[in-house]
Amino acid sequence: MTPLLFSLPKDHALFTPLCKGLPAIEGGLEFRRFPDGESYLRVCSDIEPGQPVIILADLSRPDARFLPLYFLCDTLKELGAGQVGLLAPYLCYMRQDTRFHPGEAVTSRSFAHLLSHRFDWLLTVDPHLHRYHALSDIYTIPATTVHATPLLVDWLRARSEPLLLVGPDAESEQWVSALAQASGHPFVVGSKQRRGDRDVHIRLPDLSGYHRHIAIMVDDVISSGQTLLRCARALTDAGIERIEAAAIHGLFADRIEDQLQNAGVQRLITTNSVSHPSNGLDLTPLLLEPLRQLARLADNRPPTPDNQAGADI
Ligand code: R5P
């Protein structure tokens, strides 16, 4: 049975290419807010009994987006949908993965609990796994990860200039070292101290051998943007003249693009996991096959061990 694909919000950059590529039927949705802020939601598509449904959700700025997503999933099931899967290219609430201070909420765990009780499966791109080994540490539904690394590797390999990949902090080492190995460019990793949400300090190792290189800062998430901003300033202080930045998920919570440019960042590239003018890396080709498997387009067999919880694709 052809799956239905819904998008929240309606204009996610991946919606049309995924509908065409799978193929899936575009799900119609009416959504608005009542004057008091409550959500109104109506499914405008006919749903065949047992029809598989995929919801593509932008989970940047998640608090306002989560309830409509929850309501949509419930409504689809009430209307007769079969499995309802969540495609969240950016998976939010992954960074609070421990109780850093007494009494703090470990929101990654609570959020995983909420999604696992509502959806039948989850597909995401490079979730921030630092203290967790895999999504199956906290998600109890089949949760599949796609890696955006091949897109970044192709982008880096297409460059003929001498490049230096720069991971701003220890948490970025996993991305930057894999990229360096696959693309053949050298890399360094800085050390970061975050004293507050926007109070970030970065120290870089000795860069005296790299003054002729283009430094490409690589990170998984740009949230406030302070990590990249401070890293760019540290690169400039170290005498690096050409700086670029590449990230998988560009949330740009603080609209920091101009400040990055003023700090010497000449180019910024992100995937289209979250829609933004810097989207230069298209995730569509990486998502199609796992989505087909998860929505069981090919056949109706139960999920294979390969796409069980925590599997990597
Ligand atoms: C954390 O370690 C992540 O890998 C990113 O470096 C971090 O989330 C970026 O946050 P921000 O843009 O707010 O500095």
Side-chain angles (χ1 to χ4, degrees), residues 58-63 88-101 104-109 111 124-135 137-138 145-149 152 165-180 187-205 215-236 243-265 267-271 273-279 281:
D58 178 350
L59 288 182
S60 60
R61 298 168 180 77
D63 290 15
Y90 167 66
L91 185 59
C92 59
Y93 280 119
M94 285 301 291
R95 283 168 292 170
Q96 188 75 22
D97 54 6
T98 191
R99 192 164 282 121
F100 297 98
H101 300 104
E104 280 180 353
V106 184
T107 48
S108 51
R109 218 159 39 217
F111 194 70
T124 189
V125 180
D126 286 310
H128 185 87
L129 292 173
H130 186 58
R131 289 171 188 84
Y132 299 124
H133 169 67
L135 287 176
D137 291 357
I138 48 173
T145 294
V146 165
H147 296 291
T149 324
L152 284 157
L165 309 187
V166 181
D169 54 25
E171 293 181 28
S172 67
E173 181 158 4
Q174 54 178 314
W175 326 103
V176 83
S177 60
L179 282 173
F187 78 98
V188 293
V189 174
S191 61
K192 176 164 86 177
Q193 229 192 330
R194 190 185 280 278
R195 297 181 188 147
D197 291 342
R198 294 176 179 81
D199 185 4
V200 172
H201 296 258
I202 306 261
R203 288 182 57 174
L204 295 174
I216 306 211
M217 304 182 288
V218 181
D219 210 352
D220 59 336
V221 186
I222 301 172
S223 182
S224 70
Q226 289 298 326
T227 299
L228 289 191
L229 185 63
R230 303 295 162 169
C231 188
R233 289 183 181 155
L235 285 165
T236 306
I243 305 170
E244 301 185 10
I248 297 165
H249 309 289
L251 313 184
F252 295 99
D254 282 350
R255 309 276 171 235
I256 201 160
E257 296 87 329
D258 288 349
Q259 287 185 62
L260 286 172
Q261 204 178 350
N262 293 338
V265 180
R267 190 172 181 187
L268 186 59
I269 194 161
T270 57
T271 75
S273 73
V274 177
S275 303
H276 184 266
S278 63
N279 293 165
L281 303 169

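When a ligand or atom number is given, it counts from 1 through the structure's own listing order.
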Whether Phe252 and His276 hold their rings parallel, tilted or perpendicular, with breakpoints at 30° and 60°: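 Judged by the thresholds at 30° and 60°, the geometry between Phe252 and His276 is parallel.
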[X] side chain to [Y] main-chain N or O, any donor-acceptor pair under 3.5 Å?
X      : Y      : value
Ser108 : Gln96  : yes
His249 : Ser60  : no
Ser224 : Asp254 : no
Thr124 : Ala88  : yes

Counting from 1, what ligand 1 atoms have a heavy atom of [X] closer than 4.0 Å?
X      : result
Gln226 : 12 (O), 14 (O)
Arg95  : 8 (O)
Gly225 : 11 (P), 12 (O), 13 (O)

Pairing of Asp169 and Arg194 as salt bridge, 4.0 angstrom limit: no
Classify the contact between [X] and ligand 1 as side chain, backbone, both or neither, using a heavy-atom distance cut-off of under 4.0 Å.
X      : result
Lys192 : side chain
Asp219 : side chain
Asp169 : side chain

Under 4.0 Å, counting heavy atoms only: does [X] come that close to any atom of ligand 1?
X      : answer
Ser172 : no
His128 : yes
Arg194 : yes

Distance-only polar pair, side chains of Tyr90 and Asp220, donor-acceptor under 3.5 Å: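 Not at all, the side chains of Tyr90 and Asp220 share no donor-acceptor pair under 3.5 Å.
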Protein heavy atom at shortest distance from [atom]:
atom                    : result
atom 14 (O) of ligand 1 : Thr227 OG1, 2.5 Å
atom 1 (C) of ligand 1  : Glu171 OE1, 3.5 Å
atom 13 (O) of ligand 1 : Ser224 OG, 2.6 Å

From CD1 (Ile256) to CD1 (Ile222), nearest 0.5 Å: 9.5 Å
Closest to atom 3 (C) of ligand 1 (judged by heavy-atom distance), picking from Val221, Asp220, Asp197, Ile248: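 Of the listed residues, Asp220 has the closest heavy atom.
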For Leu235, the option from Ile243, Val265, Val188 that meets side-chain contact (heavy atoms from CB on, under 4.5 Å): Ile243
